[in-house]
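Below you'll find the structure, written out as C-alpha cells, and then a few comments.
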Amino acid sequence: MTNDQTPPPNFIKKIIEDDIESGKYNGRVHTRFPPEPNGYLHIGHAKSICLNFGLANEFNGFCNLRFDDTNPIKEEQEYIDSIKTDVRWLGFDWDDREFYASDYFGQLYEWAIKLIKDGHAYVDSLSADEIRAYRGTLTESGRESPYRDRSIEENLDLFERMKKGEFEDGTYVLRAKIDMASGNLNLRDPVLYRILHAEHPRTGDEWCIYPMYDYAHGQSDSIEGITYSICTLEFEDHRPLYNWFLDELDIYHPQQIEFARLNLTYTVMSKRKLLRLVKNNLVNGWDDPRMPTISGMRRRGYPPAAIRDFAERIGVAKNDSTIDFALLEYCLRQELNQSAARVMAILDPLKVVITNYPDDKVEYAEAVNNQEDPAAGTRQVPFSKVVYIEREDFQEIPHKKFFRLAPGREVRLMHAYYITCTDVIKDENGDIVELHCTYDPETWGGDSPDGRRVKGTLHWLSAAHALSAEVRLYDHLFTKENPDDVGEGEDFTANMNPDSLQVIAQAKVEPSLAGAEPGSRYQFLRTAYFCVDPDTTPDHLVFNRTVTLRDTWAKVQQKSN
RNA sequence: UGGGGAAUCGUCUAAUGGUAGGACAGCGGCCUUUGGAGCCGUAUAUCCAGGUUCGAAUCCUGGUUCCCCAGCCA
C-alpha cells in the first residue's frame with residue numbers, strides 16, 4: 001500500500017530539524033533501538049522501532065540495534081534471537097550495527113574507576129534494605145551512607161575485589177556520589193554496579209559485577225555516537241543522571257528525548273503482564289495470535305506494512321494516550337485489501353441443491369483473485385449441483401433490510417449463477433437442513449442478459465469439491481477497553497474474554513487452497529482476512545482470522561434490536 | 001512549597017501570535033458481481049479563571065486534573 005501523504009510532523013522531528021539547522025551534530029542523525037532481551041517484543045516496541053529506524057531513514061542517518069543486556073538474571077539468548085527476527089520481519093535493517101551493552105563492560109569498568117579516582121563514586125557496604133531506608137522518601141531527603149567517605153584507595157581496592165569475585169552477591173555495590181537530598185530520587189547516590197554471580201548469555205562467567213541501566217545506557221549511546229537517545233516518558237527523571245555521567249566522564253554527549261509509550265484499548269502491554277499470560281497458560285505462548293507481541297501479530301496474519309502504517313498514524317507526542325484498537329484494524333484492512341487474494345470459504349455451511357442443474361455436471365467459474373490488483377489474475381472455481389452457502393446468508397422470514405437469500409428470492413452466487421430459493425427443507429426439530437433452489441442458465445458468470453438485478457451476492461462452494469479446514473476465530477483478549485479496570489481484589493485476568501478464541505473444526509474452503517503455505521494471507525470473501533497457521537499440515541489446513549471485514553449489515557442488525 | 005512531565009473533537013494528532021486542520025470512530029448518502037473496497041457529505045475540541053494584544057490553543061499570572069519516580073529491574 002502506498003501512502004502518498006507526507007509523514008506527519010512531531011516534536012522529535014522538530015528537534016532534529018532545528019539541530020540540523022544549527023549544526024549541533026554536524027547534520028548527523030544516529031538513533032538506536034535498545035531492547036532488553038528479557039521477553040518478546042510487542043506492538044509498543046514496534047512503535048519505538050518504527051520511530052527510531054524511521055527517523056534514521058528520513059534523515060539519512062543510522063539506527064543501531066543494541067541489546068541492553070546488563071541483567072543476566074533475566075536475559076536469555078532465546079529473547080535475543082526472537083528480537084532480531086521480529087525487527088527484521090517488521091522491515092528494518094541494522095546492517096552490521098548489532099551491538100550489546102555487554103560489548104562495553106570493559107570500558108564501563110574503566111570509567112567507573114575514573115569516577116572513583118575523581119571522587120565521584122564509592123563502594124557501599126550497606127545492604128539493599130539499608131540503602132532503601134537511607135534513600136528517604138518522595139517527600140523526605142535521604143541520609144548519606146556511613147561508607148560514603150571511604151578513601152579513594154579503599155574504594156579502588158574494594159571495587160577491584162568486587163570484580164575479582166571475592167564477595168558474595170549483595171555485599172557491596174558501587175554508588176555514584178551525587179546528592180542524597182535531591183528531590184530527584186535518581187540522584188540520591190544511585191547504584192552503578194552490583195555483584196551478580198550469574199552466567200551472562202554473552203559474556204558467560206567473565207564478569208560477576210554488572211552495571212545498572214542508568215550507568216550503562218548513556219555511555220553506550222556515547223560510545224556508538226548516538227545523537228538522539230529516544231526513550232519513553234518514565235525515563236524523563238533519569239535524564240539528569242544520564243547527563244551527569246556523560247558530563248563527569250567528559251565524553252561525547254548524545255541527547256535523550258522522551259515520548260509517550262503506546263497504549264491500546266483491549267490490550268495489556270507490560271512485559272510483566274504478558275509474561276504472566278504466557279507462564280500461566282492463559283494464552284498459548286508468546287506467539288499466540290491474541291497476543292500483542294510481534295510474533296503473535298505475525299502469526300495472526302498482520303502484515304508488517306500495516307504495523308508500520310499504524311505506527312505512523314498514531315503519531316509521537318508526550319501525552320499519555322490510548323489508541324483505539326479500531327485504528328489498528330483500519331490499518332490492517334487497508335493493507336490486506338490491497339494485497340490479500342480473495343477466496344471463498346464457508347464457516348457455517350448450509351447445503352443448497354440446485355434442482356434444475358444436471359446431476360453430474362461440473363463447470364468452472366472464473367473468479368477474480370483481487371479486484372484491487374488486476375495483476376493477481378483469476379482462478380477456476382468448480383461449480384456443481386450441490387453447493388454450500390453460509391447459513392447466515394439465508395433467512396426464512398427476512399428482516400426488512402436483509403437482501404440475501406430467502407424463500408422465493410433470487411440472489412447471485414458470485415462468479416457463477418443467479419439462483420432462486422424454492423423450498424426450505426427442515427428436520428424433525430424444525431431446523432433448516434437444506435435449501436432447494438433453481439438456477440438461471442443464462443446468468444453464468446454472474447450477470448443476466450436481460451439486465452435484471454439482484455440485491456444480494458453470496459459466496460459459495462461446490463460441496464463435492466470443497467476442502468475441510470480448521471478455522472480459528474479470534475477476538476479481543478479482554479472484554480474491557482482498559483483491562484486494568486477491575487473490581488476490588490481482582491486483577492486484569494478477571495477481564496479476559498472467554499470467547500477470544502472460537503475454533504471451527506469443520507469449515508469448508510475452496511480447493512485452490514490445497515497446499516497453502518503457512519503465513520500466506522487471504523480474504524475469505526464477505527467474511528474476514530485469514531492467515532494460514534503454522535499448525536497446518538498437508539492434510540489439515542488451519543486458518544487464523546486476522547481481522548473481520550467491516551460489516552455494515554451487523555450494524556443494521558444491532559440497530560434493529 | 002519533594003522532584004519530573006502532560007492537558008486541543010469520542011480517540012489519536014497538527015497548528016509556536018493571524019481562518020482550530022487531518023486521521024480513526026460516529027452519522028447520512030452515492031456506487032458496488034464482497035452489505036468489502038472506493039467516493040461524497042456531516043456533527044463534535046483548545047482544562048478553568050484572569051491578564052497582555054487589533055488578534056491567544058500559542059505569551060503572562062493564578063488555579064484544577066491526570067501520569068511518572070522511593071529496584072542492587074530496564
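We name chains A, B, ... by the order of the sequence lines, and we start the count at 1 in each one.
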Residue pairs, two or more places apart or on separate chains, that pass ring-ring contact (aromatic ring centres under 6.0 Å, His included) and touch residues 306-334 of chain A: A:Phe325-A:His476
Pair A:Phe105 and A:His200, ring centroids less than 6.0 Å apart: yes
Phosphate contact (B:C69 OP1 or OP2) by A:Arg135 side-chain N/O below 4.0 Å: no
Nearest-Å distance for atom pair CD/P, residues A:Glu392 and B:U34: 17 Å
Ring pair (Phe, Tyr, Trp, His ring centres under 6.0 Å) involving A:Tyr242 - partner list, sequence neighbours excluded: none
Set of residues satisfying salt bridge (Lys or Arg N to Asp or Glu O under 4.0 Å) with respect to A:Glu199, sequence neighbours excluded: none
Sequence-distant partners of A:Trp553, ring pair (Phe, Tyr, Trp, His ring centres under 6.0 Å), two or more places apart: A:His399, A:Phe402
Counterpart residues, ring pair (Phe, Tyr, Trp, His ring centres under 6.0 Å), relative to A:Phe33 (two or more places apart): none
A:Tyr79: ring pair (Phe, Tyr, Trp, His ring centres under 6.0 Å) partners, not counting sequence neighbours: A:Tyr40
A:Arg409 CZ to B:G35 P, straight-line distance once rounded to whole Å: 13 Å
A:Asp484: partners by salt bridge (Lys or Arg N to Asp or Glu O under 4.0 Å), with sequence neighbours left out: A:Lys273
Minimum-distance pair of heavy atoms, taken over all atoms of A:Arg409 and A:Phe403: NH1-CA, 3.1 Å
Pairing string, 5' to 3', for RNA chain B - Watson-Crick or wobble contacts under 3.5 Å, brackets [ ] where pairs cross, | to another strand: .((((((..((((....[..)))).(((((.......)))))....(((((..]....))))))))))).....
What pairs of nitrogen or oxygen atoms, one from the protein and one from nucleotides 46-48 of chain B, lie under 3.5 Å apart?
none

Residue whose nearest RNA chain B nucleotide is more 5′ - A:Leu233 or A:Gly170: A:Leu233
Show me the donor-acceptor pairs within less than 3.5 Å that the side chains of residues 134-143 of chain A make with the rest of the protein, sequence neighbours left out.
residue, atom, partner, partner atom, Å
A:Thr137, OG1, A:Thr139, N, 3.3
A:Thr137, OG1, A:Glu140, N, 3.0

Pick out the pairs of N or O atoms, protein on one side and nucleotides 11-15 of chain B on the other, that lie under 3.5 Å.
residue, atom, partner, partner atom, Å
B:U11, O3', A:Thr322, O, 3.4
B:U11, O2', A:Thr322, O, 2.9
B:C12, OP1, A:Thr322, N, 3.0
B:C12, O5', A:Thr322, O, 3.4
B:C12, O2', A:Ile314, O, 2.9
B:U13, OP2, A:Asn319, ND2, 3.4
B:A14, OP1, A:Val316, O, 3.4

Side-chain N or O of A:Arg272 closer than 4.0 Å to phosphate OP1/OP2 of B:A74: no
Find every protein N or O atom lying less than 3.5 Å from an N or O atom of nucleotides 36-41 of chain B, and list the pairs.
residue, atom, partner, partner atom, Å
B:G36, OP1, A:Thr552, OG1, 3.2
B:G36, N2, A:Arg342, NH2, 3.4
B:G36, N2, A:Glu372, OE2, 2.9
B:A37, OP2, A:Arg550, NH1, 3.1
B:A37, O2', A:Asn337, ND2, 2.8
B:A37, O2', A:Glu372, OE2, 3.3

